[in-house]
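Here the structure is laid out as structure tokens; the discussion comes afterwards.
Just so it is clear, the values below take in all heavy atoms, side chains as well, and ignore hydrogens, waters and symmetry mates. Convention: sequence-line order gives letters A, B, ...; per-chain numbering from 1.
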2 protein chains.
Amino acid sequence: MVGIKDIAQKAGVSISTVSYALNGSPKVTEETRARIQAIANELNYVPNMAARTLKRRQTNIIGVYLADYAGSFYGELLDGIKKGLELFGYEMIVCSGKKSHLFIPERMVDGAIILDWTFPAKEIEQYAQRGHQIVVLDRVLSHENIHQVLLDNKGGAALAIDRLIAGQSQKVFLLAGPEKGYDSRERLEASTKELTRFGIPYEVIPGDFTEPSGYRAAKQLLANDPQFPIDIFAFNDEMAIGVYKYVRETDYRIGKEIRIIGFDNTELGAFVQPRLATISYSKHRWGMVAAEKIVQSIQGEPVADEHIYTTFVDGGSFI
Amino acid sequence: MVGIKDIAQKAGVSISTVSYALNGSPKVTEETRARIQAIANELNYVPNMAARTLKRRQTNIIGVYLADYAGSFYGELLDGIKKGLELFGYEMIVCSGKKSHLFIPERMVDGAIILDWTFPAKEIEQYAQRGHQIVVLDRVLSHENIHQVLLDNKGGAALAIDRLIAGQSQKVFLLAGPEKGYDSRERLEASTKELTRFGIPYEVIPGDFTEPSGYRAAKQLLANDPQFPIDIFAFNDEMAIGVYKYVRETDYRIGKEIRIIGFDNTELGAFVQPRLATISYSKHRWGMVAAEKIVQSIQGEPVADEHIYTTFVDGGSFI
DNA sequence: TTGTAGGCGTTATCAA
DNA sequence: TTGATAACGCCTACAA
């Protein structure tokens, strides 16, 4: 491995001079700087990250933690985070799985962005307590080193419910996500509140944000001699797609006997026929804002929590 | 930050004893080992990765390089890689973008798995030349430090063409991917060879593996007063979906006037109606094998290049 | 069984 | 403007 020592030797200077030159310090002549740079290039020198990190105590890398890599959902979000971090000279690495959590206390990353319901809150708080900066996208945690960029779940749910009501719905089935999950809880709370306000009866059907759970829910709903139309607000598009799948096996039609609104505006929802009506938000922006927040908090600037707002997307699945 | 020094002090022993104890060396009493471990836990000690790496000269991290994070395509593959690496005690980080390439020469990662046509071959070879181990999934590079786990593109293409021929196709439109891309080139070569062998006329339509390029291709095909049925072999599912999108805007029907076979067996292709006939392979296995190869080559074991085989998946889009 | 000390490759503080 | 040198936190001969 070629290090600054080799360069120093070849250039006939000391290692500190090399270090200065390579780091663009004004303490060396432009001439020697150029000469040393040339030698460095010639030798294909690349600084050893471990050594540099050991000394500087920062890596300029942000870790993004996801529960899994499935679904086209994450694509745009990661893109947004990456673009955002680039603006500040940070690199992004994407991690998943328990062991990679250690990157945080090990100081392999300067900060973390978490969208992973699998990541225990206790653990996050512990890292924050040790002084690590963290931005969470899927929960609320109160700590000076933790900040959040959250979806406006309540606003989104209210949008969906308002549409259902405008569509003369007589009863609404709320196809919920995991009970302990923040997003699902918020959507549920806002939905029931809004429905109650308008005096519309509703029923909560448990789900877990996966397609199969949507499929099962649809099966169950149609098995019980239902009253049509059946109006469903699925707390994410994936479960809504599961409903489509089951309904497709019957003679019922989405948008007629079964009316449904999703949440997330995924690619698949936009492709199915009829198009899935859903709640949309900019995943790209979400990522950009998260990146901005983590950098700000690392740099010790004051950072305010922020929300990502939602809009309603029309689709043939509802009216 | 709490280091072994702090532990040593609190335990009243030297730092080396702590190091030995924490690393399970047989050079310390089980008793002191337990005592030191207890103190380490109490102090929430986590080893500093930079320092450890500097000394050990390895991180036990493999970098996976992707062109982007889009599409559900990568989900299973990454899952396979992660699972595979776990078996050998390695962690995975997912990277994208030019700057993260530096992780390789910087020794931030012990090895790299590359599926990123954006990553210049020259650069890969350069890193290999410096002694870094690399596994590529999307090209053939000849170097002792580079190994490949490739799709059996030719076999897959032949499968598709054989079906088309069995379906009495009179002419086949080959909807190709990027010209310089390895996968597309292989599929094209095998397709034309097979078609020529059977004396079936064909026409190559340029595309770039994106949905819009499939859409455009369909538009173009249908504009020229074509002869039905139009038989298409799209070199990936995404472009095939583009074809679906355009056809849907017309009165023609997929599976009737337009018959099409894709490649990749993506989730979306399985969902559309009629189901997209396509070439399938195990992305999970692909990842597992890639993981195995990179670890083997890091550990200096002999490693043989391997192929991932394909199968045909029936769908209403063809016959 | 435990302690001392040198070194991993850089950076940064002093002197020169 | 440069050079010698001490950290950074951990590992590991070698010595005790």
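For DNA chain C, the residues of residues 53-61 of chain B within the heavy-atom distance limit of 4.0 Å (strictly under) are B:Leu54, B:Lys55, B:Arg57, sorted by number. For the segment residues 99-109 of chain B, the set of residues with a heavy atom within less than 4.0 Å of an atom of DNA chain D is empty.
A donor atom on one side chain and an acceptor atom on the other are found under 3.5 Å apart for B:Thr210 and B:Asp208. Side-chain atoms of B:Thr17 and B:Ser14 form a donor-acceptor pair, as typed in the model, at a separation below 3.5 Å.
Of the candidates A:Ile39, A:Asp6, A:Ile4, A:Val28, A:Ile4 is the only one forming a side-chain contact (heavy atoms from CB on, under 4.5 Å) with A:Val18.
Nearest approach of B:Ile114 to B:Asp138, heavy atoms of both residues: O-OD1, 3.7 Å. Between A:Cys95 and A:Tyr69, the shortest heavy-atom distance links the atoms C-OH, 3.7 Å.
Residue whose closest nucleotide on DNA chain D sits further toward the 5' end, between B:Ala50 and B:Thr17: B:Ala50. Judged by closest nucleotide on DNA chain C, B:Gly12 is the one of B:Gly12 and B:Ala51 placed further toward the 5' end.
For the pair A:Met1 CE and C:dG7 P, the computed distance is 17 Å after rounding to whole Å. Rounded to whole angstrom, the span from the CG atom of A:Asp6 across to the C1' atom of C:dG9 amounts to 10 Å. A straight line from CD of B:Gln9 to P of C:dT2 spans 18 Å, rounded to a whole angstrom. Atoms CD1 (B:Ile36) and C1' (C:dT1) sit 11 Å apart, rounded to a whole Å. We find that CZ of B:Arg35 is positioned 15 Å from P of C:dT1, with the value rounded to whole Å. Taking atom CG of residue A:Asn23 and atom C1' of nucleotide C:dT10, one finds them 9 Å apart after rounding to whole Å.
The overall bend of the helix from C:dT1-D:dA16 to C:dA16-D:dT1, read as the angle between its terminal helix axes built from five base pairs each, is 50° when rounded to 10 degrees.
Extent of DNA chain D lying under 4.0 Å from chain B heavy atoms, first and last nucleotide in 5' to 3' order, is D:dG9 to D:dC14.
A:Thr53 is linked by a side-chain contact (heavy atoms from CB on, under 4.5 Å) to A:Met49, A:Thr59, B:Ala50, counting only residues two or more places apart in sequence or in another chain. In this structure, B:Lys99 has no salt bridge (charged side-chain N to carboxylate O under 4.0 Å, His left out) partners at least two apart in sequence or on a different chain.
Within the structure, the salt bridge (Lys or Arg N to Asp or Glu O under 4.0 Å) test picks out the following pairs touching residues 29-55 of chain A (sequence neighbours left out): A:Lys10-A:Glu42, A:Glu30-A:Arg33. The list of salt bridge (Lys or Arg N to Asp or Glu O under 4.0 Å) pairs with a residue in residues 12-22 of chain B, not counting sequence neighbours, is empty. Residue pairs meeting the salt bridge (Lys or Arg N to Asp or Glu O under 4.0 Å) criterion with at least one member in residues 111-127 of chain A, sequence neighbours excluded: A:Lys98-A:Glu123. Applying the ring pair (Phe, Tyr, Trp, His ring centres under 6.0 Å) test to every pair with at least one member in residues 48-68 of chain B, sequence neighbours left out, gives these pairs: B:Tyr65-B:His101, B:Tyr65-B:Phe119.
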Would you give me the side-chain donor-acceptor pairs under 3.5 Å for residues 298-307 of chain A, sequence neighbours excluded?
unit_1: A:Asp305; atom_1: OD1; unit_2: A:Gln148; atom_2: N; d: 3.2
unit_1: A:Asp305; atom_1: OD2; unit_2: A:Gln148; atom_2: NE2; d: 3.3
unit_1: A:Glu306; atom_1: OE1; unit_2: A:Lys293; atom_2: NZ; d: 3.0

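Atom-to-atom distance recorded for B:Met92:CE and A:Ser96:OG is 6.5 Å, nearest 0.5 angstrom. Annotation: the span from B:Leu22 atom CG to B:Gln37 atom CD amounts to 5.5 Å, rounded to 0.5 Å.
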Pick out the pairs of N or O atoms, protein on one side and nucleotides 13-16 of chain C on the other, that lie under 3.5 Å.
unit_1: C:dT13; atom_1: O4; unit_2: A:Tyr20; atom_2: OH; d: 2.8

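Residues A:Asn236 and A:Asp183 fail the side-chain proximity criterion, which asks for heavy atoms closer than 4.5 Å.
Summarising the local packing, CD of B:Gln9 is surrounded by 12 or fewer heavy atoms from other residues, nucleotides or ligands at distances under 6.0 Å.
Phosphate proximity of C:dC8 to A:Asn48: absent, as no side-chain N or O sits under 4.0 Å from OP1 or OP2. Put simply, B:Ser14 has no side-chain N or O that comes within less than 4.0 Å of OP1 or OP2 on C:dT4.
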